[in-house]
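Scroll down for the structure; my scribbles are underneath it.
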Amino acid sequence: MALTNLRELLAQAERHKRAVGAFNVSSIEMICGVVRAAEALRTPVILQIAESRLATTPLPMLGRAMYEAAERAQVPIALHLDHGSSMACIRQALELGFTSVMFDGSALRMEDNIARTLEAAGLARSFGAAIEGEIGSLGRTENGETAFARYTCPEDAVRFARETGVDALAVAIGNAHGVYAGTPAFHFEVLDAIRTQCDTPLVLHGGTGSSAENFRRCIESGVRKINIATAIFMASAQAARSVNQDDWFAMSRAITDAVTEVAKEHIRLFGIA
Ligand code: 13P
């Protein structure tokens with residue numbers, strides 16, 4: 001049984017000064033591609049899906065497939081709900097066996113973010129699962145909508161981590177979901193300021209296109225989970241276009257192969273392999 005709690009993977013990543021790859025999936029091909037990459041590199045990974053994607057990929061269906069994949073895998077795999085916003089969805093993920101959930105209260109006032117994160121944390125803990133929170137605001141949401149970017153204030157992050165007791169803390173340091181226009185300039189001083197006062201493992205969202213050097217610096221400054229979604233989705237779409245489109249099974253194989261390569265490439269960059 002390879003299904004694993006996020007806390008364990010983060011602690012392992014901390015010991016080895018590396019980050020765990022958290023890959024967003026929305027099909028069986030993507031699940032298989034990520035697991036195959038993890039097994040090939042003998043590396044733990046996180047399989048995750050964002051609440052906003054559930055309209056096209058129902059959680060009870062894909063969640064069960066993710067669970068089965070994790071159970072059968074030859075490496076430890078955590079199952080994570082990304083950007084959870086409703087308690088109903090968070091509960092559903094936990095009931096399906098997800099080993100961690102994110103409550104994204106980054107658009108809320110600090111007090112409300114703390115209160116709702118605590119509520120989600122209580123729910124997660126009652127299932128023995130871990131919780132990720134977010135403080136600060138990324139420039140783009142995970143489904144491509146533009147949002148107001150607000151870098152994380154280190155003092156707020158430290159207070160948030162202390163009062164909520166989250167297992168993982170997502171921060172905004174110039175990162176955004178989707179495709180960057182060039183290599184993004186990250187504010188590492190924010191990570192360093194948080195790190196000196198708090199040892200909660202940090203999470204980098206918006207991993208796609210961030211650059212190897214940015215990953216290295218983030219990991220050096222305490223980032224222990226890095227999210228990759230767009231690279232998985234873009235590689236899948238490209239792979240589907242690259243083969244005979246009258247042959248679904250060729251497309252399916254091409255998607256799995258492409259996702260395997262994307263996941264491997266990132267796992268190597270995150271220093272685990
Ligand atoms: P990207 O889509 O930029 O890889 O971001 C993924 C992410 O942070 C999911 O929460």
Side-chain angles (χ1 to χ4, degrees), residues 6 10 19-27 30-31 33-34 37 45-57 59 62 66 78-85 89-90 93 98 100-107 120 130-147 149-152 166-186 191 201-212 214-215 218-219 223-238 258-259 261-267 269-270:
L6 177 69
L10 294 175
V20 193
F23 299 98
N24 289 62
V25 292
S26 83
S27 76
M30 295 178 198
I31 296 173
V34 172
V45 286
I46 300 159
L47 278 176
Q48 61 183 18
I49 184 163
E51 181 171 342
S52 65
R53 299 295 186 189
L54 299 178
T56 47
T57 322
L59 188 58
L62 204 74
M66 291 162 75
L79 295 185
H80 180 75
L81 177 72
D82 189 29
H83 293 286
S85 60
C89 181
I90 287 174
F98 278 41
S100 60
V101 290
M102 174 186 192
F103 175 73
D104 180 354
S106 57
I131 177 91
E132 175 182 332
E134 179 168 328
I135 186 93
S137 174
L138 306 190
R140 249 187 328 261
T141 67
E142 74 289 355
N143 60 357
E145 288 162 18
T146 314
R150 183 169 30 87
Y151 298 146
T152 302
V166 287
D167 301 289
L169 179 62
V171 291
I173 56 166
N175 48 321
H177 297 105
V179 178
Y180 295 104
T183 301
F186 286 170
L191 295 180
L202 303 177
V203 182
L204 182 77
H205 283 245
T208 297
S210 291
S211 93
N214 276 339
F215 289 141
C218 283
I219 292 168
V223 167
R224 297 288 169 252
K225 172 176 181 273
I226 301 180
N227 289 3
I228 301 291
T230 302
I232 297 277
F233 301 143
M234 282 175 47
S236 299
Q238 257 163 29
V259 170
E261 287 316 306
V262 168
K264 274 188 179 172
E265 182 194 323
H266 286 92
I267 289 168
L269 286 174
F270 302 159

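Order of appearance sets the numbers: ligands from 1, and atoms from 1 within every ligand. All values derive from a computational prediction rather than experimental measurement.
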**Request:** Using non-hydrogen atoms of the residue, decide whether A231 is closer than 4.0 angstrom to ligand 1.
**Result:** no
**Asked** Could an N or O of ligand 1 be found under 3.5 Å from any N or O of T208, whether backbone or side chain?
**Response** yes
**Message:** Taking 4.0 angstrom as the limit and counting only heavy atoms of D82, give me the atoms of ligand 1 inside it, by number and element.
**Reply:** 9 (C), 10 (O)
**Message:** Below 3.5 Å, N or O to N or O, backbone or side chain included: is there any such pair between G206 and ligand 1?
**Reply:** yes
**Message:** I'd like to know if the side chain of R224 reaches the main chain of I219, judged simply by a donor and an acceptor atom lying under 3.5 Å from each other, with no hydrogens or angles considered.
**Reply:** yes
**Message:** I need the atoms of ligand 1 closer than 4.0 Å to a non-hydrogen atom of I228, numbered in the order shown.
**Reply:** 4 (O)
**Fill in**
The reported gap from CZ in F103 to OG in S85 (rounded to nearest 0.5 angstrom) is 7.0 Å
**Complete:** Quick note on ligand 1: atoms under 4.0 Å from a heavy atom of H177 include exactly 3 (O), 5 (O), 6 (C), 7 (C), 8 (O), 9 (C), 10 (O)
**Request:** Could you list the residues that satisfy ring-ring contact (aromatic ring centres under 6.0 Å, His included) with F215, not counting sequence neighbours?
**Result:** F270
**Message:** With respect to H83, determine whether any N or O atom, backbone or side chain, lies less than 3.5 Å from an N or O atom of ligand 1.
**Reply:** yes
**Asked** In ligand 1, which numbered atoms sit nearer than 4.0 Å to a non-hydrogen atom of T230?
**Response** 1 (P), 2 (O), 3 (O), 4 (O)
**Request:** Spell out, as yes or no, whether a donor-acceptor pair under 3.5 Å connects the side chain of R150 to the backbone of S106.
**Result:** yes
**Prompt:** Considering only heavy atoms from C-beta outward, does the side chain of V34 approach that of V45 to under 4.5 Å?
**Reply:** yes
**Asked** Taking the side chain as C-beta and beyond, is there a heavy-atom pair between M66 and I49 under 4.5 Å?
**Response** yes
**Message:** Among residues at least two apart in sequence or on other chains, which ones pass side chain to side chain donor-acceptor pair (under 3.5 Å) with N227?
**Reply:** Q48, H205, K225
**Item:** H205 neighbourhood, listing ligand 1 atoms whose heavy-atom distance to it stays under 4.0 Å
**Value:** 8 (O), 10 (O)
**Message:** I'd like to check whether A229 has a polar contact with ligand 1, where a contact means an N/O of the residue lying under 3.5 Å from an N/O of the ligand.
**Reply:** yes
